[in-house]
Amino acid sequence: MANNIYHIAAAIISLGLPATAAADDLTKEITVEKDIVVQEREAQKLSQLPVFNMPSIENKKLSWTDRAIAAPLTHDITRLAPAPYAASIEKSPYRGYIDAGYFPSFELGVSAGYRIIDNDATRLGAWLQYDGSNYKRNNREGDKLHINDHTATIGASLRHSIEDAGVLEARLAYSLSAFNFPNIGSDGISQTANSLQAGIGWSGAAGSFLYNAAVDYGFFNFTDGHDSGMGTTRLKPLTENHANIALGGSYGFDDNNFVGADVAMAFAGATNTMKVVSTESLFSPEMRGNYNHGYVAVTPYYRHSGSSYSIKLGLQLYDTWGGDNGFRIAPDIRADWHSGDKFAIYARFTGGNPSLNAMSSLFAVNHYINPSLAYGDSWQKWNVDAGFIIGPFSGASIEAWGGTGKAKNLLMPTLYSNFDSLDGLYCAIDYTNLHYGVALNYQYRDIATLRIAYEGAPQQYDKGNAMWLDRAKNVFDAKLTVTPIEALDLSLGYELRSGRATYEVSPAGLGHAQFSDNLYVQRVTLGNVSNLHFGAAYKITPAFSVGAQLDNLLNSKWDTFYGIPAKGISGLVGIGYKF
């Protein structure tokens with residue numbers, strides 16, 4: 001599946017899953033809405049446990065997008081021309097920060113950073129982040145599991161602007177994760193993962209021609225394998241290297257008409273990999289050694305924007321190798337239109353966007369993955385999304401959205417019985433993506449905001465919302481934020497994710513529903529997420545603040561992934577200080 005699918009999945013699936021701590025990819029354009037207040041961030045937070053929204057002082061990039069419709073409706077959703085990031089954002093008066101929070105029995109989050117060089121042309125900063133948790137919780141069988149997860153990341157980022165030439169950006173980050181991989185009836189094995197991410201990019205302009213180039217490299221490995229299920233044999237953990245190259249350019253005939261093209265190349269190579277061999281009666285693991293694959297994608301386009309609308313007409317031509325090989329063509333057509341500041345509508349027809357499904361990207365969403373399996377490419381055959389926003393009227397607005405499409409080789413968590421070596425597997429599925437939703441937003445001056453949203457999807461082995469790894473059927477989300485005084489923010493929210501499930505796959509049948517000629521599947525529930533959460537933040541001085549974030553106040557039980565029980569009442573209480 002496309003990388004954007006996995007990025008979004010990391011934010012909306014079950015609670016307590018880790019997100020990457022590396023900086024955003026280097027990009028070339030931004031979308032700005034008039035009422036958005038941009039906050040500078042040193043690095044994205046690791047969300048293995050509830051964390052503060054801690055301000056950073058390091059300069060960050062805004063990712064380019066064709067539209068931005070975060071509710072409530074803003075005054076204008078028309079794109080602005082590309083602009084240097086630092087040109088429109090006020091520089092923080094602080095060069096360093098430290099934020100720390102703790103919650104018993106053991107949850108700890110610490111973030112710190114310092115801008116070593118800080119002037120108009122150059123910003124060089126270093127940062128670190130630690131997130132850790134250690135808890136005991138009964139699993140679905142009634143066995144008490146001891147689960148611990150610790151991740152530490154250290155990194156540095158550079159942004160150097162050369163007047164009238166362009167901007168050079170670079171980043172480097174290393175992460176070490178140590179955790180245990182619980183089996184259904186025991187605490188399982190201890191596991192360690194190493195991740196290194198580095199990137200460098202350049203963006204500039206020559207008259208009406210804008211261009212950019214970036215190279216990213218990543219290294220990832222596990223230090224321990226799984227029991228092979230064949231006596232004392234132990235499978236070797238894999239080591240993976242991957243790289244991405246991005247090139248792009250656009251030419252503006254005037255303020256409203258642009259032509260351009262984006263080129264993306266990606267490569268991944270893994271050693272000590274395993275494959276799953278299927279027979280008529282069972283699945284079994286088999287070592288296959290090295291596995292290499294990659295793709296090239298070229299997307300030429302034409303973009304036109306008016307005072308109340310914008311249109312993009314493009315095609316993506318891409319070729320993949322090392323997996324489901326082939327040359328393909330996909331659409332990249334997007335449009336949005338708004339009438340005054342009371343109505344906006346958008347639609348897009350896209351496809352392609354291949355993903356290497358690198359182990360590091362899977363690990364960012366789910367730590368409990370098989371340490372010896374590498375996967376082939378995923379991509380969208382086609383995808384249609386559309387939606388609209390009405391309002392605001394007296395502070396209230398309504399959103400509605402929906403989409404459908406076909407995905408090739410989408411990875412979804414899957415169960416295989418009786419093989420410890422196959423724990424943490426994903427299954428590549430030709431998947432029908434279908435989802436729909438509606439939301440109500442209300443804002444009362446600067447004192448209170450309320451959002452109530454519902455999103456639904458079907459639930460079948462090969463059909464549902466492609467962004468939800470927990471295959472939820474219904475998601476209800478409500479959040480009230482109140483600012484009774486300027487220095488105090490309070491929030492109370494509730495999220496319900498019902499119908500969550502995974503599927504057990506068997507070639508032998510044994511009472512399962514037959515999915516294809518030699519594949520049987522059975523639905524296995526993960527339990528409903530019922531998360532009542534509360535947050536508070538108080539700014540004592542401009543530089544010093546205290547805050548708290550508490551989750552699962554109802555102490556509900558569910559599996560994050562099958563066999564991995566979610567924490568009980570959890571959160572962080574702590575301080576933030578800028579200097």
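What you are looking at is a predicted structure, and each value in this text was computed from that prediction instead of being measured. In what follows, every heavy atom counts, from backbone to side chain, and hydrogens, waters and symmetry copies are set aside.
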Using atom types as modelled and distance alone, determine if a side-chain donor or acceptor of [X] lies under 3.5 Å from a backbone N or O of [Y].
{"X": "Arg348", "Y": "Asp332", "value": "no"}
{"X": "Ser372", "Y": "Lys236", "value": "yes"}
{"X": "Arg500", "Y": "Leu526", "value": "yes"}
{"X": "Thr502", "Y": "Pro413", "value": "yes"}
{"X": "Asn256", "Y": "Ser305", "value": "yes"}
{"X": "Tyr375", "Y": "Tyr426", "value": "yes"}
{"X": "Tyr431", "Y": "Gly464", "value": "yes"}
{"X": "Tyr368", "Y": "Tyr562", "value": "no"}
{"X": "Gln316", "Y": "Ala330", "value": "no"}
{"X": "Glu240", "Y": "Ala268", "value": "no"}

> For Asp254, does the CG atom sit with more than 12 other heavy atoms under 6.0 Å from it, leaving out its own atoms?
Replying inline: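 For Asp254, atom CG is crowded (more than 12 foreign heavy atoms under 6.0 Å).
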Flag side-chain contact, heavy atom, 4.5 Å: [X] against [Y]:
{"X": "Asn244", "Y": "Met265", "result": "no"}
{"X": "Arg523", "Y": "Gln459", "result": "yes"}
{"X": "Thr404", "Y": "Tyr436", "result": "no"}
{"X": "Trp202", "Y": "Tyr211", "result": "yes"}
{"X": "Thr350", "Y": "Ile333", "result": "no"}
{"X": "Ser157", "Y": "Arg159", "result": "no"}
{"X": "Leu168", "Y": "Ile200", "result": "yes"}

Can you name the nearest heavy-atom pair linking [X] to [Y], along with the distance?
{"X": "Thr414", "Y": "Cys427", "result": "OG1-CB, 2.9 Å"}
{"X": "Leu356", "Y": "His293", "result": "O-CE1, 3.1 Å"}
{"X": "Ala173", "Y": "Thr153", "result": "CB-CG2, 4.4 Å"}
{"X": "Leu317", "Y": "Pro300", "result": "CD1-CD, 3.9 Å"}
{"X": "Val524", "Y": "Leu415", "result": "CG2-CD1, 4.1 Å"}
{"X": "Pro354", "Y": "Trp379", "result": "CA-CB, 3.9 Å"}

For the residue pair [X] and [Y], categorise the inter-ring angle as parallel (less than 30°), tilted (30 to 60°) or perpendicular (more than 60°).
{"X": "Trp321", "Y": "Phe267", "answer": "tilted"}
{"X": "Phe179", "Y": "Phe363", "answer": "tilted"}
{"X": "Tyr251", "Y": "Phe253", "answer": "perpendicular"}
{"X": "Phe220", "Y": "Phe222", "answer": "perpendicular"}

> Could you walk me through whether Asp377 and Lys408 pass the salt bridge (charged side-chain N to carboxylate O under 4.0 Å, His left out) check?
Replying inline: CA-CA 9 Å; Asp377 307 327; Lys408 181 69 174 178; over 6 Å; no
>> With salt bridge (charged side-chain N to carboxylate O under 4.0 Å, His left out) as the criterion, how do Asp336 and Arg334 come out once you've worked through the C-alpha distance, each side chain's angles and the decisive distance to 0.1 Å?
In response: CA-CA 7 Å; Asp336 63 68; Arg334 309 164 191 252; over 6 Å; no
>> Is the distance from the ring center of Phe219 to that of Tyr217 below 6.0 Å?
In response: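 Not close enough - the centres of the two rings lie 6.0 Å or further apart.
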>> Would you say the rings of Tyr503 and Tyr461 are close, in the sense that their centroids are separated by under 6.0 Å?
In response: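 Ring centroids of Tyr461 and Tyr503 are less than 6.0 Å from each other.
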> Passes salt bridge (charged side-chain N to carboxylate O under 4.0 Å, His left out), Lys406 versus Asp430? Steps please.
Replying inline: CA-CA 7 Å; Lys406 294 285 188 179; Asp430 292 344; over 6 Å; no
>> Is there a side-chain hydrogen bond (donor to acceptor under 3.5 Å, both in side chains) between Asp385 and Tyr346? Walk through the geometry before answering.
In response: CA-CA 8 Å; Asp385 282 291; Tyr346 70 91; over 6 Å; no
